[in-house]
There are 2 protein chains.
Amino acid sequence: MAKPALHEVPPPAPAPVEGVRAVDRALVLLRAFRDDDGPLPLTELSRRAGLNMTTALRLLGTLEGHGFIKRLPSGGYMLGATLLLLGDVFKRSLRLEHHVMPALERLRAESRESAAFFVREGDQRRCVFRLDSPQIVRDIAHVGEAQPLGRGAHGRSLVALETGTPLPVVTRGERLPQIAAIACPVLNAAGEVAGSIGISVPLYRFDAEIEALCTPLVMREAIAMTRDLGGDPTPLERLRR
Amino acid sequence: MAKPALHEVPPPAPAPVEGVRAVDRALVLLRAFRDDDGPLPLTELSRRAGLNMTTALRLLGTLEGHGFIKRLPSGGYMLGATLLLLGDVFKRSLRLEHHVMPALERLRAESRESAAFFVREGDQRRCVFRLDSPQIVRDIAHVGEAQPLGRGAHGRSLVALETGTPLPVVTRGERLPQIAAIACPVLNAAGEVAGSIGISVPLYRFDAEIEALCTPLVMREAIAMTRDLGGDPTPLERLRR
DNA sequence: CAGTCACTTCCGTCAGATGGAAGTCACTTG
DNA sequence: CAAGTGACTTCCATCTGACGGAAGTGACTG
């Protein structure tokens, strides 16, 4: 007899990870929370994590004890505030926030478009800081998301020094069909690529005028942040288009 | 022979929690990361968590597999990017961000002081959103931190409807000796207190002028956000000082 | 070159994680 | 209103897999 499959979300890949089983399962439970789904009932959570309800209940109890999970009086489970705290500790451990946020604020204020900062992570890149455009039509992206290297403006920008790509990198609908973006790497005191800063614009309003406005803004902030971090912006100047 | 006690941080309360042991210990390992200490070596981590090194190593391996821990090539462990992701999912699950951040931006821009938003959590309150003052001298506070109810401007503001405290709440050096703050609750569509919004100012520059400037700003944003959330601001107006 | 320290691997033992079964409670259906 | 359903919880006997001591590796120091 076929399974009913009443719920929309399919049993999302029980995680290919190995290790201490109980911990493994607890982490799968945490990662079962996606996007902005509200409180989840035990049944749904154990289904998503592929766990026996008894086991899920026990693990959730432990997670709750540390504030990783919040149990609502009305029933249902949500992520807990400890994650807010640790997410913030993580950000601060990058020791970039102090330089990045003011730069993103300037970019957004002067361009009226969304500004973001990515760091490289192995063969991926991850959005670590982001400010949304003040305009009503804007692209949607979330802090913490990982994306491929080499594709998209930030993806190219993070490897621009290796590939000799002219800076700033400008893409139109490359990774996402309806988005254009401008990005430039930022160097640290060791001359390494600390990250990539840039602006993204819905493609329909990315004309010559907005490009002419944003290109120097992105370069300016990349060079300024490189200096702030004690780095030498010469390699960026050298690749300037 | 007395232990050398080479490290500054004392074995920080091995956590009074109970539950599935392996999970319990893994979570203690995560919470062993404090503030902005950089990469921690295995020895230090197992010491802080009160774990056998073998056990800590095994648990860290599992945590790494899910991106909760990042192991640096140069040795040492850091928090991982999954925490960034889940911290953000947590924020979005409150379904407040969209209304809170623009309000905080207006408050900061018009007052040139730090703005923050707190939510109630049982008999505590927690800072969920915050924007730092653009000025050089400012108070330091971190998103995610929990503080007592009933003390401090936000602590009083969150219970103002129960206690009949005039709004906005203004405190000078109440919870922190060198900080003044102004706060007002925000109501949701159910008439419940959704949180508290406000401004904090170093006490030395909190004079009559800045108070006269900030008080109406805080009230204006609390009332506007209450309306945004579909709530009725009448109870706030009624308590207006 | 011996000594120390940080980290890792191995493996026998047994604490404790697991999940089936049964109980509770709130709703729905006939 | 009784029987049925489904979400959640408790209990407990079984046996898996987490644990940590011991030994190994490799880098650095005096």
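Given the structure is predicted, the values throughout are model-derived calculations rather than measurements. Chain letters run A, B, ... following the sequence lines, proteins first and then strands; every chain starts at 1. Basis for what follows: all heavy atoms, side chains included, without hydrogens, waters or symmetry-related copies.
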- Partners passing side-chain hydrogen bond (donor to acceptor under 3.5 Å, both in side chains) against A/Thr82 (at least two apart in sequence or in another chain):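 Expected list: none.
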
- Can you run down the side-chain hydrogen bond (donor to acceptor under 3.5 Å, both in side chains) pairs that involve residues 223-233 of chain B, sequence neighbours left out, and say none if there aren't any?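 Every pair satisfying side-chain hydrogen bond (donor to acceptor under 3.5 Å, both in side chains) with a residue in residues 223-233 of chain B: B/Asp232-B/Thr234.
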
- Task: Spell out, as yes or no, whether a donor-acceptor pair under 3.5 Å connects the side chain of B/Thr55 to the backbone of B/Leu51.
- Result: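 No, because the side chain of B/Thr55 does not come within donor-acceptor range (under 3.5 Å) of the backbone of B/Leu51.
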
Atom pair distance, as rounded to whole Å: [atom1] in [X] and [atom2] in [N]:
| X | N | atom1 | atom2 | result |
| --- | --- | --- | --- | --- |
| B/Asp24 | D/dC19 | CG | C1' | 15 Å |
| A/Leu40 | D/dC8 | CG | C1' | 15 Å |
| B/Leu63 | D/dA18 | CG | P | 13 Å |
| B/Met53 | D/dA22 | CE | P | 15 Å |
| B/Leu42 | D/dG26 | CG | P | 18 Å |
| B/Leu57 | D/dG21 | CG | P | 15 Å |

- Message: With salt bridge (charged side-chain N to carboxylate O under 4.0 Å, His left out) as the rule and sequence neighbours excluded, what pairs involving residues 71-91 of chain B come up?
- Response: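 Found B/Asp88-B/Arg92.
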
- Message: Tell me which pairs pass salt bridge (charged side-chain N to carboxylate O under 4.0 Å, His left out) where either residue lies in residues 149-160 of chain A, with sequence neighbours left out.
- Response: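 Qualifying pairs, neighbours excluded: A/Arg156-A/Glu174.
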
- Message: What does the B/S/- profile of nucleotides 18-25 of chain C look like, 5' to 3', with a 4.0 Å heavy-atom cutoff to protein?
- Response: BBBB----

- Message: So, using side-chain contact (heavy atoms from CB on, under 4.5 Å) as the criterion, who are the partners of A/Pro102 when residues are at least two apart?
- Response: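 For A/Pro102, the residues satisfying side-chain contact (heavy atoms from CB on, under 4.5 Å) (neighbours in sequence not counted) are A/Arg106.
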
